Amino acid sequence: MTEHPSTTQCAGVKRIGLLTGGGDAPGLNGVIRSVVLSAARLGWECHGIRDGFNGLLAPETCAGQPVQRLLEVDVHAIGHLGGTILGTTNRADPLRYPTRSSDGNLVEQDRTPDVVSLCRARGLDALVIVGGDGSMGIAQALHAQDLPVVGVPKTIDNDLDRTFFTFGFDTAVGFATECIDRLHTTAHSQHRVMVVEVMGRYAGWIALHAGIAGGAHAILIPEIPYRIDALLDAIAGRDAGGHHHAVVVVAEGAQPVDGEREVQAAAEAGRAERLGGIGALLAAQLAARTAKECRSVVLGHLLRGGSPSSFDRVIAARFGAAAVRALAGGHSGVMVALGLDKIELVPLASVAGRTKTVAVTGDTVATARELGICLGDGR
Ligand code: F6P
């Protein structure tokens, strides 16, 4: 394991807290299992915190014990299961905790000092926080308040910096690819344009990887604003070549050169904006400007469900074990990360608040172009 020089040393850990935050992703249970088993080998107690930080900040909202010791038997045969046995929420960010003000409005409040004191009150020497970019920001804030913390990178979106992959991404791409494969045959049979909308927030990783893997004819990602005319040209070009169907994969965060991304629900206290709707919009626009039947499919939360792929199971296991190893080595303020050939420790400060987007000049985008896939920019 590579140890980054700027990480802080912490010692004397005997009892750790473990929580999963943000949206669920396949592989969370594998991380939980790995943390619990690795901690047990060191003679440490591992306590599971339910529903993200609500297990500490709003225990009355949790179904079951808000904080509960996890024994080896509790994590028996869960590594292959989707979801998280600890529960999770994206509405309990302690840095922006939704709180009712005296005038009845919901406002955001920094409750990280409460998290630190509640951990101390429960005798937790350190926390393992499994989550996305928001969770890594929280982890960094807790570390800055002298609570030993190690982060584990989770998200189907793969948009966390400093790690080649987050767990959950491979499973999401695998499922999206299977869906695209299925859509090809129906699109081909009925000479239709099928538009497939996938998650990913402000990054196009899922769309790009699944689109290439599934042989999509067009892929639209947030990193490359699109022109509808470029898409129409690509469809017309296929028609001219005798191919009267097309499969278009669009990331939920994709946006036209001259417009905005589609937002389903605006941000509110304690909650980020919810994207979605671009697939249906595109299908309607393409239908209006071609003689074709155009249909849209939103894969949405299907991408998050189901069993983790073997790749995600292995990195989930490696991440969990590495998080415990990091604490045992006296580290805090770090995230375990997938390096080229090993798990590395990177400072949380270098991850928090950043979004890893697709490199538009990178070889994966170049490959898509070389395969003749339309990326919406007419190149
Ligand atoms: O971050 C993972 C993710 O699945 C995004 O791709 C998506 O925009 C978001 O979560 C959806 O979250 P929710 O289920 O809370 O609407």
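Order of appearance sets the numbers: ligands from 1, and atoms from 1 within every ligand. Keep in mind that this is a model prediction, so the values were computed, not measured.
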- [ ] Provide, to 0.1 Å, the distance between atom 4 (O) of ligand 1 and the closest protein heavy atom, together with that atom's residue and name.
- [x] Met199 SD, 2.9 Å
- [ ] May I ask you to identify the nearest protein heavy atom to atom 11 (C) of ligand 1, giving residue, atom name and distance to one decimal place in Å?
- [x] Arg304 NH2, 3.2 Å
Task: Asp161/Lys356 ion pair, N-O < 4.0 Å - done: no
- [ ] Provide the closest heavy-atom pair for Ala352 versus Gly137 in the form atom of the first, atom of the second, distance.
- [x] CB-CA, 3.6 Å
TODO: May I ask you to say whether Arg289 pairs ionically with Asp229, meaning some side-chain N is under 4.0 Å from a carboxylate O?
DONE: yes
Task: Arg271, portion touching ligand 1 at heavy-atom distance under 4.0 Å - done: side chain
TODO: Would you please indicate yes or no on a ring centroid separation below 6.0 angstrom for His184 and His217?
DONE: yes
- [ ] Just grab all the salt bridge (charged side-chain N to carboxylate O under 4.0 Å, His left out) pairs involving residues 302-316, residues at least two apart or on different chains.
- [x] Asp24-Arg304
Task: Geometric N/O contact Gly200 with ligand 1, under 3.5 angstrom - done: yes
Open item on the list: Among all protein heavy atoms in this structure, tell me which lies nearest to atom 16 (O) of ligand 1, with the distance rounded to 0.1 Å.
Closed with: Arg274 CD, 3.1 Å
Task: Closest approach of any protein heavy atom to atom 5 (C) of ligand 1, naming residue and atom - done: Asp157 OD2, 3.4 Å
Task: SB check Glu72 Arg33 (cutoff 4.0 Å) - done: no
Open item on the list: Between Asp377 and Arg369, does any side-chain N to carboxylate O distance fall below 4.0 Å?
Closed with: yes
Open item on the list: Tell me the contacting part of Arg201 for ligand 1: side chain, backbone, both, or neither, using a 4.0 Å heavy-atom threshold, strictly below.
Closed with: both
Open item on the list: Does Glu260 have more than 12 heavy atoms from other residues, nucleotides or ligands lying within 6.0 Å of its CD?
Closed with: no
Open item on the list: Is there a polar contact, in the sense of an N or O pair closer than 3.5 Å, between Asn90 and ligand 1?
Closed with: yes
Task: Heavy-atom nearest neighbour in the protein, as seen from atom 7 (C) of ligand 1, with distance rounded to 0.1 Å - done: Glu252 OE2, 3.3 Å
Open item on the list: Checking a contact table here: which protein heavy atom is nearest atom 14 (O) of ligand 1, and how many Å away?
Closed with: His301 NE2, 2.6 Å
TODO: Classify the contact between Ile156 and ligand 1 as side chain, backbone, both or neither, using a heavy-atom distance cut-off of under 4.0 Å.
DONE: side chain
